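Read the structure below first, then the notes.
Keep in mind it's a predicted model, so treat the numbers as computed, not measured. Chain A is the first sequence line, chain B the second, and so forth, proteins listed ahead of strands; every chain is numbered from 1.
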Protein chains: 2
Amino acid sequence: MEGFLADCPGRLTVELLADKWSVVVLAGLSRGPVRHGDLIDLIGGGISRKVLTQTLRRLQSHGLVTRRAHAEAPPRVEYALTPLGVTLVEPIHVLTTWARTHGEAVLDAAAE
Amino acid sequence: MEGFLADCPGRLTVELLADKWSVVVLAGLSRGPVRHGDLIDLIGGGISRKVLTQTLRRLQSHGLVTRRAHAEAPPRVEYALTPLGVTLVEPIHVLTTWARTHGEAVLDAAAE
DNA sequence: CAGGATCCTGTACGATACTG
DNA sequence: CAGTATCGTACAGGATCCTG
């Protein structure tokens, strides 16, 4: 059973999500297409527009997110999950549900 | 529905796992107590002893992992999940299963 | 409204060597 | 075997200003 965590694609994919915002952004897209600005409101602040764009671009380049810019004035850009991205909704939902349920306990432990 | 991702304990808890190794280390502990060195083998290399210790310490300080040092020579230290940590096994299993299943597709998309 | 360009800081991570 | 100490680098992420 040695090295059962070593398989490479899986690990690299976990690393893709291993930053401060990827999971949160994907959760924000899980209910349907969202505009750039609305995504910031949805997340509830704390993320800068620059970092949001960077995060979306990386997720896009990995085939999880689509970007659609409407030729209008003012500009309107909508982000959405790809079919592949949709398959991530369930795992992320499980994770965020855990976080909401046990978040208090984790923070309490850290406070000691 | 604005700000449905803003609840604080949940986000901080997600951030706890938002680094390169936390998820992998927890997965390594999910089958039972493991020694420091065995954990490195289990992970399959790539993690230094320093970083492994740092990661374990942080997880320990958040109540997810226990550390038990046996007074022997040579030293033997076993890490295990706390009851709280055990509740994380399922979410992590879901995530890693997804990563193994869709990792190829994600990397293929990134390669273009 | 969306987001690019800059600048700046903290820190996660890695390599190596040393200790009990 | 487990862990610490030290050093160095890379990059994430925040603040601010500017553009179509």
With a 3.5 Å distance limit and no angle check, can you tell me whether [X] reaches the backbone of [Y] through a side-chain donor-acceptor pair?
X       : Y        : answer
A:Ser61 : B:Ala110 : no
B:Arg11 : A:Ile43  : yes
A:Thr55 : A:Ser22  : no

Each nucleotide of nucleotides 7-20 of chain C classed B (base within 4.0 Å of a protein heavy atom), S (only sugar-phosphate) or -, in 5' to 3' order, makes B-----BBB-B--B
How would you list, by chain and number, every residue that makes a ring pair (Phe, Tyr, Trp, His ring centres under 6.0 Å) with A:His36, sequence neighbours excluded? none
Please determine if a side-chain N or O atom of A:Arg35 lies less than 4.0 Å away from the OP1 or OP2 oxygen of C:dC1. no
Length of the line joining [X]:[atom1] and [N]:[atom2], which is rounded to integer Å:
X       : N      : atom1 : atom2 : result
A:His36 : D:dG20 : NE2   : C1'   : 15 Å
A:Arg76 : D:dG20 : CZ    : C1'   : 18 Å
A:Leu52 : C:dA2  : CG    : P     : 10 Å

Flag side-chain contact, heavy atom, 4.5 Å: A:Trp98 against B:Leu88: yes
Looking at residues at least two apart in the chain, or sitting in another chain, which of them share a side-chain hydrogen bond (donor to acceptor under 3.5 Å, both in side chains) with B:Glu72? B:Arg76
